[in-house]
Structures are given as structure tokens and as C-alpha cells.
Undergrad: 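This is the structure I have questions about; it appears just below.
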Amino acid sequence: MIVYSVTVNIENDVHEEWLEWMKLKHIPDVMGTGYFTSHRILRLLGDEDTGGVTYSIQYHCNGIDDYKDYQEKSAPSLQKEHTEKFKDKFVAFRTLLEEVG
């Protein structure tokens with residue numbers, strides 16, 4: 001299993017709006033692409049000094065080909081929408097993990 005993890009630090013003044021938008025719009029759109037089998041949202045504890053709230057959104061897919069197809073066909077427009085909506089209010093980085101064991 002492949003885990004595509006998106007870590008986002010969102011500024012406090014838009015935090016609640018962002019979280020609601022993620023739950024109601026963005027994550028359903030990502031899941032609607034059909035490349036991922038499940039997801040979860042995790043909040044980083046102890047990040048009060050960062051000036052925002054940090055989350056890890058983890059999307060699970062069956063293999064690397066699904067992830068690559070998502071990156072090529074769907075990710076650019078979905079990431080653009082996020083960036084335009086919350087411009088200058090967040091910092092994000094992405095990691096790709098493989099489940100072992």
C-alpha cells in the first residue's frame with residue numbers, strides 16, 4: 001500500500017474555514033478521482049509556536065501506478081484550486097510512503 005501524505009500548516013485566522021473546506025470539498029474531490037481507497041486527517045500536537053495549525057492528510061492507494069496517474073491527471077487542478085483559495089495562508093509539503101510488513 002502507498003500512502004500519499006500532505007502536510008499543511010494553515011494560519012489561525014483561516015483555520016476553521018480551511019478545515020471545513022477540506023472535509024466538505026477538497027478531500028471528497030480527491031477521493032472522487034478513484035485513485036485512493038481511503039484517507040484520514042491527523043492534527044499535529046504541540047505545534048502552537050508555528051503560528052498556525054498543522055495537519056497531515058493521508059491518502060491510501062493500492063500501488064504506485066495509481067499515485068502516478070493521480071499526480072499526472074488530477075493533482076494539478078486540485079492543488080491549484082487549494083492554492084488559489086488559501087493563497088499566502090498556508091505552507092504545504094508532500095511525502096510518499098510505502099507500507100512495509
Undergrad: I41 and F86: same hydrophobic cluster, using ILVMFWY side-chain contacts below 4.5 Å?
TA: yes
Undergrad: Side chains of V53 and N12, heavy atoms from C-beta outward: is any pair under 4.5 Å?
TA: yes
Undergrad: Do you see a donor-acceptor pair shorter than 3.5 Å between the side chains of Y55 and H15?
TA: yes
Undergrad: With heavy-atom distances below 4.5 Å as the criterion, would you say the side chains of V6 and F93 are in contact?
TA: no
Undergrad: Quick check for you: to the nearest 0.5 Å, what is the distance between L97 atom CG and Y4 atom OH?
TA: 11.5 Å
Undergrad: Please evaluate residues T7 and V91 with respect to the criterion side-chain contact (heavy atoms from CB on, under 4.5 Å), reporting the C-alpha separation (whole Å), side-chain torsions for both, the decisive distance (0.1 Å), and the verdict.
TA: CA-CA 8 Å; T7 302; V91 176; over 6 Å; no
Undergrad: Which heavy atom of M31 sits nearest a heavy atom of T37, and at what distance?
TA: CE-C, 3.9 Å
Undergrad: Does any non-hydrogen side-chain atom of W18 lie less than 4.5 Å from one of E11?
TA: no
Undergrad: Please tell me if the side chains of T83 and F90 come closer than 4.5 Å, counting only heavy atoms from C-beta onward.
TA: yes
Undergrad: Please list, chain by chain and in numerical order, all residues satisfying side chain to side chain contact (heavy atoms under 4.5 Å, CB included) with L78, sequence neighbours excluded.
TA: H26, D29, V30, T33, Y70, S74, E81
Undergrad: Taking the six-membered ring for Trp, are Y59 and F36 parallel (under 30°), tilted (30 to 60°) or perpendicular (over 60°)?
TA: tilted
Undergrad: Looking at K85 and E17, does any basic side-chain N land under 4.0 Å from a carboxylate oxygen?
TA: yes
Undergrad: Closest approach of C61 and D66, non-hydrogen atoms and distance?
TA: CB-CB, 4.1 Å
Undergrad: For residues I2 and I64, report the shortest heavy-atom separation together with the two atoms involved.
TA: CG1-N, 3.7 Å
Undergrad: With a 4.5 Å limit on heavy-atom distance, are the side chains of Q58 and H39 in contact?
TA: no
Undergrad: To the nearest 0.5 Å, what is the distance between CD (Q71) and NZ (K68)?
TA: 11.0 Å
Undergrad: Any luck finding a side-chain donor-acceptor pair between H60 and S38 under 3.5 Å?
TA: yes
Undergrad: Find the distance between CD1 (I57) and CE (M22) and round it off to the nearest 0.5 Å.
TA: 4.0 Å
Undergrad: Please report the interatomic distance CD1(I10) to CD(E16), rounded to the nearest 0.5 Å.
TA: 11.0 Å
Undergrad: So which heavy atom on R94 is nearest to which on A92, and how close?
TA: NH1-CB, 4.2 Å
